[in-house]
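Quick caveat: nothing in here was measured; it's all calculated off a predicted structure.
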Amino acid sequence: MRDRRAGMAFIFVTLLIDVLGFGLIIPVLPRLVTTLTGGSLSSGARLYGLLLSCYGLMQFLFAPVLGSLSDHYGRRPVLLLSVFFSGVDYVIMALAPAIGWLFLGRILSGIAGASFTTANAYIADVSPPEKRAQNFGMIGAAFGIGFIIGPAVGGILGTISPRAPFWAAAAMSFINTLYGLFVLPESLPRDQRRRFSFITANPIGALKILSRYPWVLLLAGSIALQALAQQAVQSTWVLYTAYRFRWTELGNGMSLALLGLASIVVQVGLIKMLVARLGESKTMLWGLLFSFIGFVGFALASRSWMMIAVMLVWTLSFVVGPTTQSLVSRQFGNDEQGASQGALTSIQSLTGIVGPVVAAWVFGYFTSRNAPIHLPGAAFMLGAILVAFSAIMAGAALRRRSAALRAV
């Protein structure tokens, strides 16, 4: 029990540092890009977008690799190496003399960031089935805390130097590596490991492990649509609120901090109560309903206070991720948790490559003079449509799951 708690504490700290590191560099990365290129903010913004897509692409490609490696060698070595190379990435970016070095850093960061797969597998290893949804919610809590603290601290350090936040992120990663060396126990016994396979170590082949169970594949599709919908908020929130309500940087920063705080409340406290009362399946479906209501509300909001009110409703959708991950994890043994979680991470990473481009284009088009109708919230409406299809797929997946359980 003590080893389990120590392992979970390390996982939480690792995920928190990953998000904190990203949050630290958000305020200064565009400035560093323009400094290195000597170009305008417009051209720098395009390169900034490519850097983000590069990170997502690496996560998509390497999440199954790290998952399969952890199924073969164990979770501990993969996690520790991932945390260490995250620190190396930040050092490279802190010292970068040219823009190419920033891309190298983001490539390494994307590969190391795929450790979320191994972290998910670790959680599945050490969590009893009835507590998996609650423990997967810890990931969302780490995101919430990281996005409250990270950008604020990054902004303060950025006043010293645009490279200072990178050094801070590197220091946190290296300290966490040392911490893990002493406290992180292995969660996957040797007799439950399996051979490394290139079939499940690539993003396309990894889907085969999900396709063994039709209901799991359907649920994976639901996860993909929900994650793609969420890109509308991540990619256009600042654009939308500045365009429609004239929110300043401070206003947006405060609203996103509130979003992070609300996500912590939902994924640490509320999800435990909902799963205990409703079960994982019903909690997931209710979360999708709140997601749909939230997206429609964002699109139709006509006052600033409406955005905040709708946001608090929309955060209830954060129960969807942990409950779906828990449902999928129940279908696989310990020797396949890395591969199955790697497949899910790859699917979500793919939406991080495509989603920002689509959401930004939709926002730009429906606020332009050429648009057939003027609809600044079009990206949110698209999100609502995607969530509706996600709910349909989730319902079909749960019906197939019930039928499969009755047939056993």
Side-chain angles (χ1 to χ4, degrees), residues 3 5-29 32 36 51-52 54-55 58-59 62-63 65-67 69-70 73-97 100-123 138-139 141-187 345:
D3 285 348
R5 289 179 179 174
M8 290 295 289
F10 175 81
I11 294 298
F12 179 82
V13 171
T14 297
L15 297 174
L16 177 60
I17 287 178
D18 278 347
V19 180
L20 270 175
F22 183 68
L24 280 168
I25 69 174
I26 285 175
V28 297
L29 186 55
L32 184 57
L36 291 176
L51 281 170
L52 296 183
C54 181
Y55 178 88
M58 290 302 105
Q59 279 205 318
F62 284 91
V65 175
L66 293 189
L69 285 173
S70 75
Y73 293 106
R75 318 298 185 207
R76 174 183 159 89
V78 175
L79 280 169
L80 291 178
L81 284 173
S82 296
V83 174
F84 174 77
F85 278 105
S86 288
V88 172
D89 149 59
Y90 290 126
V91 170
I92 290 174
M93 297 181 77
L95 296 173
W101 287 89
L102 287 184
F103 275 95
L104 174 61
R106 294 314 288 167
I107 288 172
L108 287 177
S109 183
I111 295 172
S115 62
F116 277 103
T117 295
T118 313
N120 287 336
Y122 194 104
I123 292 172
M138 180 183 67
I139 298 175
F143 270 95
I145 296 173
F147 276 114
I148 293 172
I149 301 173
V153 175
I156 294 171
L157 292 175
T159 62
I160 302 171
S161 165
R163 298 177 186 265
F166 294 95
W167 288 115
M172 288 192 302
S173 295
F174 290 138
I175 291 172
N176 195 38
T177 302
L178 291 175
Y179 169 60
L181 282 172
F182 290 103
V183 305
L184 181 66
E186 178 55 63
S187 65
T345 302

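- The CG atom of Leu184 lies 5.5 Å from the CG atom of Leu80; values are rounded to the nearest 0.5 Å.
- To the nearest 0.5 Å, atoms CZ (Phe84) and CG (Leu178) are separated by 9.5 Å.
- Between Arg75 and Ser70 the shortest heavy-atom distance is NH1-OG, 2.9 Å.
- Taking each heavy atom of Gly87 and Ala170 in turn, the nearest pair found is O-CB, 3.7 Å.
- Atom CD1 of Ile111 and atom CG of Leu81 lie 12.5 Å apart (nearest 0.5 Å).
- At most 12 non-hydrogen atoms from other residues, nucleotides or ligands lie less than 6.0 angstrom from CH2 of Trp101.
- The two residues Arg163 and Met93 come nearest to each other via the heavy atoms NH1-O, 3.7 Å.
- Val83 pairs with exactly one of Val78, Asn176, Ile175 by the side-chain contact (heavy atoms from CB on, under 4.5 Å) rule, that one being Asn176.
- Annotation: Phe85, atom CZ; neighbour count of heavy atoms from other residues, nucleotides and ligands within 6.0 Å does not exceed 12.
- Nearest heavy atom pair, residue Glu186 against residue Pro77, reads OE1-CD, 3.6 Å.
- Residues Phe166 and Ser161 have side chains not in contact (no heavy-atom distance under 4.5 Å, counting atoms from C-beta outward).
- Side-chain atoms of Ser109 and Met58, non-hydrogen and from C-beta on, never get closer than 4.5 Å to each other.
- Atoms CH2 and CE, from Trp167 and Met172 in turn, are 14.0 Å apart once rounded to the nearest 0.5 Å.
- Of all heavy-atom pairs between Thr118 and Leu66, the closest is OG1-O, 3.8 Å.
- With rounding to the nearest 0.5 angstrom, the CG atom of Leu102 is 11.0 Å from the CD1 atom of Ile107.
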